[in-house]
K.L.:
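Quick one: structure below, then a few questions.
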Number of protein chains: 2
Amino acid sequence: MFTKRQQQIVETAIGLIAHKGIQNLTIKNLALQIGISEPALYRHFKNKLEIMKSILKYFQLTMQPSMLELKKEGKAIDKINDFIFKHYEILNQKQNLAKIIFAEANFQNDETLKDSLLLMMNNSQRLMQGIIQQAQENDEINTAVTAKNLTRMIIGSMRFMIIQWSMSGMIFDIEAEGKLLCEDLKKIMR
Amino acid sequence: MFTKRQQQIVETAIGLIAHKGIQNLTIKNLALQIGISEPALYRHFKNKLEIMKSILKYFQLTMQPSMLELKKEGKAIDKINDFIFKHYEILNQKQNLAKIIFAEANFQNDETLKDSLLLMMNNSQRLMQGIIQQAQENDEINTAVTAKNLTRMIIGSMRFMIIQWSMSGMIFDIEAEGKLLCEDLKKIMR
DNA sequence: TTTTAAAGTTAGCAAACACTAACCAAAAAA
DNA sequence: TTTTTTGGTTAGTGTTTGCTAACTTTAAAA
């Protein structure tokens with residue numbers, strides 16, 4: 001998928017955006033940070049847009065393990081529980097990624113970027129909603145709240161917690177706090 | 001607070017960011033859109049950073065009516081209900097603002113911007129959490145879920161819905177959908 | 001009526017931007 | 001061993017960026 005150098009470039013790019021926003025991602029800064037010249041970057045990526053696209057691809061690859069939790073066999077509640085845990089575990093390991101994964105604004109300048117981000121967002125939302133819907137039919141999850149809104153509460157609260165975490169300078173333990181959130185989410189699902 | 005021209009500049013700037021991200025907000029684009037020359041802009045704002053700061057001020061002023069709903073006297077559930085309704089009503093009227101109000105990434109390039117955005121975010125969160133906490137003590141709201149996490153679910157689901165709305169091209173009726181979300185949020189609070 | 005201040009103009013500047021041309025060294029393939 | 005490919009380099013391109021100098025018009029104040 002990515003060569004070692006390409007992965008380094010993508011990860012450095014994510015770091016630059018995480019630190020000072022998309023306007024901080026310039027070819028010059030990227031080359032400087034890595035310690036090679038600007039033209040050398042173009043041996044690994046056609047242009048800046050391709051780097052941006054690769055960041056999204058990197059998102060997808062990195063978050064795949066947590067998505068897979070939702071695709072396993074088993075009880076809906078357990079799948080959602082494992083999804084949340086995996087999610088926070090990964091983002092705790094890749095904190096720069098946590099800072100920009102929900103910053104859709106960074107990918108608004110190009111239509112193809114915007115579209116593929118929307119696709120990723122819709123995929124996870126649809127998957128979660130499908131699981132909840134089915135579990136509601138099986139009487140595993142409370143039907144008082146619609147599947148759509150329950151999905152919004154779960155994903156929304158997860159996202160919001162991650163944003164609070166990254167904006168506050170990662171001062172709290174996201175995995176511990178995520179565990180507590182997960183417990184409370186289970187309560188409203190029953 | 002703002003002169004007419006300043007307000008026009010701020011609103012146009014919000015429109016530019018909403019349309020193609022922060023990288024689309026340039027002095028040239030701004031002047032072009034308004035129909036004046038670039039140097040004319042500098043008669044109204046010292047520099048670009050002051051325009052960015054004014055966008056945040058404009059946020060605050062615009063969302064004040066919905067914040068005030070939380071400061072009224074009355075039942076917690078009613079206050080939260082009115083807060084949600086007002087929120088969606090305002091953002092439905094100012095759709096460009098809806099597109100960027102939760103796009104924290106746009107204000108990451110400057111420390112002072114980042115700080116004042118964090119302050120605004122924390123304020124609304126603290127206010128909401130305080131109301132819920134008190135209502136839990138009065139047995140008005142269910143204590144099964146902690147006030148902190150209930151706040152995350154409410155604000156998180158609201159934010160997520162607005163992001164879905166703006167990214168999907170505003171294809172659904174946010175006020176109607178917000179009403180349904182509000183009903184479901186009330187259910188989990190009881 | 002004269003003076004002053006506010007708000008506009010054209011022309012242009014230095015720095016930053018994404019990217020290219022041309023060349024070179026080292027490693028891999030033939 | 002020769003050839004080709006890969007991944008670097010220095011130097012430089014044209015364009016865009018935020019912003020300024022200097023001048024002009026319009027309207028309010030004296």
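The sequence lines fix the lettering, A, B, ..., with proteins before strands; numbering per chain opens at 1.
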K.L.:
Quick one: pull up CD1 in A:I22 and CG in A:L16 and give me the separation to the nearest 0.5 Å.
P.N.:
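Those atoms lie 10.0 Å apart.
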K.L.:
Which heavy atom of B:I51 sits nearest a heavy atom of B:A13, and at what distance?
P.N.:
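Here B:I51 and B:A13 meet closest at CG2-CB, 4.1 Å.
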K.L.:
Listing time: all N or O pairs from protein to nucleotides 4-8 of chain C that are below 3.5 Å?
P.N.:
from: C:dG8; atom 1: OP1; to: B:R5; atom 2: NE; distance (Å): 3.2
from: C:dG8; atom 1: OP1; to: B:R5; atom 2: NH2; distance (Å): 2.7
from: C:dG8; atom 1: OP2; to: B:H44; atom 2: NE2; distance (Å): 2.5
from: C:dG8; atom 1: N7; to: B:R43; atom 2: NE; distance (Å): 3.2
from: C:dG8; atom 1: O6; to: B:R43; atom 2: NH2; distance (Å): 2.2

K.L.:
Using a heavy-atom cut-off of 4.0 Å to chain B, what are the terminal contacting nucleotides of DNA chain D, in 5' to 3' order?
P.N.:
D:dT17 to D:dC23
K.L.:
Where along residues 46-57 of chain A does a heavy atom come under 4.0 Å from DNA chain D, residue by residue in number order?
P.N.:
none
K.L.:
Which of residues 6-29 of chain A have a heavy atom under 4.0 Å from DNA chain C?
P.N.:
A:L25, A:T26, A:I27
K.L.:
Is there a donor-acceptor pair under 3.5 Å between the side chain of A:D184 and the backbone N or O of B:T146?
P.N.:
yes
K.L.:
Could you pull out the closest heavy-atom pair between A:V10 and A:S54, with the gap in Å?
P.N.:
CG2-CB, 3.7 Å
K.L.:
Does any N or O in the side chain of B:N109 come within less than 3.5 Å of the main-chain N or O of A:G21, such that one atom is a donor and the other an acceptor?
P.N.:
no
K.L.:
If Ile, Leu, Val, Met, Phe, Trp and Tyr residues are connected whenever their side-chain heavy atoms lie under 4.5 Å apart, and connections chain through other members, are A:I34 and A:I14 in the same group?
P.N.:
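Yes, it is one cluster - the side chains of A:I34 and A:I14 are joined through contacts under 4.5 Å.
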K.L.:
Side-chain atoms of residues 37-50 of chain A: list all donor-acceptor pairs with protein atoms under 3.5 Å, sequence neighbours left out, distances to 0.1 Å.
P.N.:
from: A:N47; atom 1: OD1; to: A:L49; atom 2: N; distance (Å): 3.3
from: A:N47; atom 1: OD1; to: A:E50; atom 2: N; distance (Å): 3.0
from: A:K48; atom 1: NZ; to: A:L25; atom 2: O; distance (Å): 2.8

K.L.:
Does one side chain, of A:Q7 or A:K4, offer a donor that lies under 3.5 Å from an acceptor on the other?
P.N.:
no
K.L.:
Work out which heavy atom in B:E175 is nearest to a heavy atom in B:D173; give both atom names and the distance.
P.N.:
N-OD1, 3.0 Å
K.L.:
Rounded to the nearest Å, what distance is computed from the CG atom of residue B:N109 to the C1' atom of nucleotide C:dA16?
P.N.:
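Checked: the CG to C1' distance equals 15 Å.
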K.L.:
Rounding to 10°, can you tell me the angle the first-five-pair axis of the helix from C:dT1-D:dA30 to C:dA30-D:dT1 makes with its last-five-pair axis?
P.N.:
10°
K.L.:
Under a single-linkage definition using a 4.5 Å side-chain heavy-atom cutoff for Ile, Leu, Val, Met, Phe, Trp and Tyr, are A:I188 and A:F85 assigned to the same hydrophobic cluster?
P.N.:
no
K.L.:
What is the distance from CG of A:L30 to C1' of C:dA16, rounded to the nearest Å?
P.N.:
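Going from CG in A:L30 over to C1' in C:dA16 covers 16 Å.
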K.L.:
Around A:K86, counting heavy atoms of other residues, nucleotides and ligands shown, do more than 12 lie under 6.0 Å from its NZ?
P.N.:
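12 or below, so no.
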K.L.:
Do other residues, nucleotides or ligands put more than 12 heavy atoms under 6.0 Å from the CD atom of A:Q134?
P.N.:
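Open.
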K.L.:
To the nearest Å, give me how far apart OH (A:Y42) and C1' (C:dA22) are.
P.N.:
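Computing the A:Y42:OH to C:dA22:C1' distance gives 17 Å.
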K.L.:
A:F172, B:L150: one ILVMFWY side-chain cluster at the under-4.5 Å cut-off?
P.N.:
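A:F172 and B:L150: one cluster.
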K.L.:
Is any NZ, NE, NH1 or NH2 atom of the basic residue among A:D82 and A:K79 found under 4.0 Å from an Asp or Glu carboxylate oxygen of the other?
P.N.:
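Between A:K79 and A:D82 there is no salt bridge, as every charged N stays at least 4.0 Å from the carboxylate O atoms.
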K.L.:
Of all the heavy-atom pairs spanning A:A98 and A:W165, show the shortest one and how long it is.
P.N.:
CB-CZ3, 3.7 Å
